[in-house]
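Single-structure report; data block below.
Values below: all heavy atoms of this structure, side chains included; hydrogens, waters and symmetry mates excluded.
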Amino acid sequence: MKILFIIRDEPLIFFSFLCLFLFLLFLLIQYIYISFNLKGINNIIFNDEKHFKLPLEPFNCFFISVLPVVFWRETLSVKKGFKFKRLYRKEFYYDFDENQLKEILKKYPFLFFIQYVIYFSSILFILLGGIAYILEKFFS
């Protein structure tokens, strides 16, 4: 219990806001990266280079940005036979086959890296901010 009084909340607040900054920075980088590679991504997913057009609307950018999540969802579906339709009662994502998943991963690995940094930094922002709040509220 004494160690909690030694830990200060200022470094946690600093790192929490650093994670928020990284989150916002990588959202901007992700938008630029998706815009730069839009024709190739559209060609792989929809077999149509002009499915989405620039400038991307926020929802369309979000749809493309969740491809890493769809990748893991479809990997479970392809490899393990796990059907998400049973859970959601309808399909929320487009179906991908294994070749499309491999092609996106091979041609655009940075898209996956960006998305994972966004997820990781947002989780750390919430976690560190919550711990700093608890330390400040209850232990100071």
Checklist entry - Can you name the ring pair (Phe, Tyr, Trp, His ring centres under 6.0 Å) partners of Y33, sequence neighbours left out? => result F110
Next on the checklist: Please report the interatomic distance NE2(H51) to CG(N60), rounded to the nearest 0.5 Å.
Outcome noted: 7.5 Å
Item to check | Hydrophobic cluster identity match, F138 and I131, side-chain contacts under 4.5 Å | outcome: yes
Item to check | Option from I64, I34, N37, I114 for which side-chain contact (heavy atoms from CB on, under 4.5 Å) with Y108 holds | outcome: N37
Next on the checklist: Working to the nearest 0.5 angstrom, can you tell me the gap between L20 CG and L25 CG?
Outcome noted: 11.0 Å
Checklist entry - What residues form a salt bridge (charged side-chain N to carboxylate O under 4.0 Å, His left out) with E103, not counting sequence neighbours? => result K107
Checklist entry - Are P55 and Y31 side-chain neighbours, meaning at least one heavy-atom pair lies under 4.5 Å? => result yes
Item to check | Within-4.5 Å side-chain heavy-atom neighbours: Y116 and F112 | outcome: yes
Item to check | Transitive ILVMFWY side-chain link F113 to I32, under 4.5 Å | outcome: no
Item to check | Donor-acceptor under 3.5 Å (E49 side chain, K39 main chain) | outcome: no
Item to check | Pairwise distance CZ(F17) to CZ(F23) - rounded to 0.5 angstrom | outcome: 14.0 Å
Checklist entry - Is F14 linked to I134 within one hydrophobic cluster, defined over Ile, Leu, Val, Met, Phe, Trp and Tyr using a side-chain heavy-atom separation of less than 4.5 Å? => result yes
Next on the checklist: Could you check whether any side-chain heavy atom of L124 comes within less than 4.5 Å of a side-chain heavy atom of F15, counting everything from C-beta outward?
Outcome noted: no
Next on the checklist: Ignoring hydrogens, what is the shortest heavy-atom contact between N42 and D48? Give both atom names and the distance.
Outcome noted: CB-O, 3.1 Å
Checklist entry - Just how far is it from atom OG of S121 to atom CG of L18, taken to the nearest 0.5 Å? => result 9.5 Å
Item to check | Qualifying residues under side-chain contact (heavy atoms from CB on, under 4.5 Å), relative to S16, sequence neighbours excluded | outcome: F125, L128
Checklist outcome for this item: When rounded to the nearest 0.5 Å, the distance separating CD1 of I41 from CZ of F46 is 10.0 Å
Next on the checklist: If hydrophobic clusters are built from ILVMFWY residues whose side chains come within less than 4.5 Å, do F36 and I104 share one?
Outcome noted: no
Item to check | Closest approach of S65 to Q30 (non-hydrogen atoms, all atoms of both residues) | outcome: CB-NE2, 2.8 Å
Item to check | Hydrophobic cluster membership, I45 vs L54, 4.5 Å side-chain cutoff | outcome: yes
Item to check | Atom pair CD1/CG of I29 and L111 - distance to nearest 0.5 Å | outcome: 13.0 Å
